[in-house]
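Each remark here refers to the structure printed beneath this line.
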Amino acid sequence: MTTKDAAAGVHGETIPDPTAAGATTDHAFFGHPRGLGYLAGTELWERFSFYSMQSLLMLYMTKYLLLPQNSGKVAGLGIYRRVLESIFGPMTDLALAAQTFGLYSGFILVTPLIGAWLGDRVLGRTKTVTLGALLMSAGHLTMAVEQAFLLALLLLIIGGGLFISNLAAQIGGLYSPDDTRRTRAFGIYLMAVNAGALVAPLISGTLGERVGWHWGFGAAGIGMLIGLGTYLLGRRHLPPDVIAQGGKAEPLTRRQWQSVGGLILLYLPKLFFFAAVQQAYGIMVIWADKAVDRRVGGFEIPVTWALTADGILTIVGVFIANRTWTKMATKGREPHDIRKIGIANVIAAASFLLIAGFSLMPQVPVYGWLLFYLVLDLSYGWNDPPARALIARYAPRSVNGMMFALYSLSGALGFFLLGWLGRYYEPLGPTKYFLLTATLPIAGALMLIAFAHPLERLLARGDADREDLKPG
């Protein structure tokens with residue numbers, strides 16, 4: 001992609017012109033701007049880092065760290081547990097692990113609020129992404145020292161916050177406002193995410209389960225450094241950093257605030273969707289470790305390898321979604337992005353109803369478990385790319401990064417809900433717990449069905465005040 005020219009904004013703010021020629025003429029990366037390839041490659045390794053933790057963290061805590069002979073070695077663990085129990089009540093070791101999994105995964109999506117502010121107003125996105133990658137690498141490597149477990153999680157949370165929203169926000173700057181490739185670009189981006197999710201269990205998961213937990217976490221740290229190198233290598237193909245002088249930006253108009261409000265309302269169904277689907281990488285892994293017959297011939301498949309299948313199936317799901325939308329668009333029948341998100345919620349609910357049925361069997365066949373991931377992963381293609389495209393399309397430019405951070409915050413709240421729900425797994429049992437989980441995306445789907453038309457109108461109102469959409 002050709003770096004965009006800059007136009008002077010109010011208060012001395014420098015704003016990249018999204019209607020510049022490069023935004024529409026660069027098709028070097030599979031019909032998309034070259035910069036998308038570098039951003040997708042960087043995100044691949046960040047997701048390798050994240051899904052390494054997703055695949056190992058619950059197993060590491062329940063099968064090693066929280067065992068009586070090991071838990072006393074962890075600095076601050078006793079205080080940490082007492083604080084959580086003072087808030088949430090007494091917890092078993094499994095409940096503590098689920099709560100920790102939810103808090104870690106959630107806070108890594110809360111801190112992007114700080115990261116977006118630093119990227120938009122203070123450091124610029126390049127420095128913020130670089131610092132975040134370094135902190136995340138340090139966090140993974142610190143996981144090799146079990147005494148520093150809580151410190152390692154803190155480093156990962158802070159680093160992820162600096163990294164996540166600033167990387168995704170740069171995708172929108174690659175396209176002009178009316179470029180219809182944007183939604184498909186986030187689909188490609190999601191494919192890169194799931195390429196990272198695919199290889200993480202094979203490398204980090206296998207090292208952690210079969211060689212040593214610390215080897216798996218160390219591999220994630222090395223992957224994060226590779227991601228940083230990819231980002232810096234492609235920096236010249238990305239939009240220029242935008243920093244408002246004095247930390248000030250142009251005030252939003254009333255109609256722009258309405259668009260912002262519409263986006264925030266869309267984040268509520270995201271919360272329920274996220275709290276459900278992320279169970280597949282927390283409680284589900286613990287359940288499958290004992291409930292699923294993973295023997296193929298004389299070999300027992302490591303439980304983390306299912307997450308590799310999950311990565312493959314998500315890529316397939318995104319591909320199917322993109323092809324479906326393309327065919328529907330040629331007939332003028334492609335649904336609005338809001339309706340796509342509603343369909344995603346229905347698909348996610350179906351996946352948990354399916355696994356609830358399989359959980360009634362004495363020993364769940366491996367194909368039943370994989371079928372659950374197939375249905376679940378179809379939902380991702382209908383949820384994440386449309387949601388990100390809506391933000392890139394309707395969020396005012398001066399708060400674009402912040403709106404991506406708020407999108408991450410809705411996911412964080414979903415993780416917090418996930419962690420809290422974990423306490424009910426043992427008393428309810430798998431079948432009832434999975435049925436309970438299915439109610440969450442059903443609630444999200446009902447919200448979107450009821451309010452689709454008002455939300456579409458609310459989002460569109462801000463376009464009247466966007467300078468980049470007015471004829472010049």
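Side chains included, hydrogens not; waters and symmetry mates left out as well; all remaining heavy atoms used. Numbers here simply count residues along the sequence, with the first being 1.
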N/O donor-acceptor pair under 3.5 Å between R294 side chain and D289 backbone: yes

With side chains defined as the heavy atoms from C-beta onward, is the minimum distance between Q258 and R254 less than 4.5 Å? yes

Smallest heavy-atom separation, S379 atom then A348 atom, equals CB-N, 3.8 Å

All heavy atoms of A321 vs all of W382, minimum pair found to be CB-NE1, 4.0 Å

Residues S410, F274; criterion side chain to side chain contact (heavy atoms under 4.5 Å, CB included); working and verdict: CA-CA 8 Å; S410 68; F274 222 65; over 6 Å; no

**Report entry** Salt bridge present between R339 and E456 (N-O < 4.0 angstrom)
**Finding:** yes

Separation between CE (M361) and CG (D293), nearest 0.5 Å, reads 10.0 Å

Q) Does the gap between the ring centers of F415 and Y104 come in under 6.0 Å? A) no

Of all heavy-atom pairs linking G282 and M58, the shortest is CA-CG, 4.0 Å

Could you check whether any side-chain heavy atom of Y38 comes within less than 4.5 Å of a side-chain heavy atom of E43, counting everything from C-beta outward?
no

Does I355 reach the side chain of F358, with side-chain heavy atoms less than 4.5 Å apart?
yes

Side chain to side chain contact (heavy atoms under 4.5 Å, CB included) between F48 and S204, intermediate numbers included = CA-CA 9 Å; F48 173 84; S204 299; 3.5 Å; yes

Margin query: Pair I343, L448 - check side chain to side chain contact (heavy atoms under 4.5 Å, CB included), show working.
Written below: CA-CA 9 Å; I343 292 170; L448 290 164; over 6 Å; no

Rounded to the nearest 0.5 Å, the CG atom of L153 sits from the CE atom of M53 at a distance of 5.5 Å

Beyond-backbone contact of L370 with L374, side-chain heavy atoms, under 4.5 angstrom: no

* Asked: What do you reckon, is CG of L232 surrounded by more than 12 foreign heavy atoms closer than 6.0 Å?
  -> yes

Is R423 reaching over with its side chain to a backbone N or O of W420, donor-acceptor style, under 3.5 angstrom? yes

Practice prompt. Flag the pair L390 / H336 as yes when at least one side-chain heavy-atom distance between them is below 4.5 Å, and no otherwise.
Written response: yes

Smallest heavy-atom separation, A438 atom then I442 atom, equals O-CG1, 3.3 Å

Requested in this report: Decide side chain to side chain contact (heavy atoms under 4.5 Å, CB included) for L134 and L228; before the verdict, give the C-alpha distance in whole Å, the side-chain angles of both, and the deciding distance to 0.1 Å.
Outcome: CA-CA 8 Å; L134 291 173; L228 174 59; 3.8 Å; yes

dist T431:OG1 -> L360:CG (nearest 0.5 Å) comes out at 4.0 Å

In this structure, CZ of F273 is separated from CG of N345 (nearest 0.5 Å) by 6.0 Å

Q) Is the F101-Y281 ring centre distance short of 6.0 angstrom? A) no

Please check: side-chain N/O of T111 versus main-chain N/O of I157, any donor-acceptor pairing under 3.5 Å? yes

Exercise for the section: Give a yes or no on whether the ring-centroid distance for W45 and Y231 is below 6.0 angstrom. Expected result: no

**Report entry** Validation row: I164, L109 side chains within 4.5 angstrom (heavy atoms)
**Finding:** yes

| message | Tell me if a side-chain donor or acceptor on N166 pairs with a main-chain N or O of G115 at a distance below 3.5 Å. | response | yes

Rounded to the nearest 0.5 angstrom, the OG-CE distance for S49 and M224 is 5.5 Å

Validation row: F416, L103 side chains within 4.5 angstrom (heavy atoms):
yes

Taken to the nearest 0.5 Å, the spacing of L371 CG from L354 CG works out to 5.0 Å

Q | Non-hydrogen side-chain atoms of T324 and F319 separated by less than 4.5 Å | A | no

| request: Give a yes or no on whether the backbone of G102 and the side-chain of S105 come within a donor-acceptor separation of less than 3.5 Å. | output: no

Nearest heavy-atom contact between S359 and A356 is OG-O, 2.6 Å

Which of W287, F434, F352 passes ring pair (Phe, Tyr, Trp, His ring centres under 6.0 Å) with F372? It is F352

What one should report as the nearest heavy-atom pair of V285 and V303 is O-CG2, 3.7 Å

Check ion pair R393-D337 (N to O, under 4.0 angstrom) = no

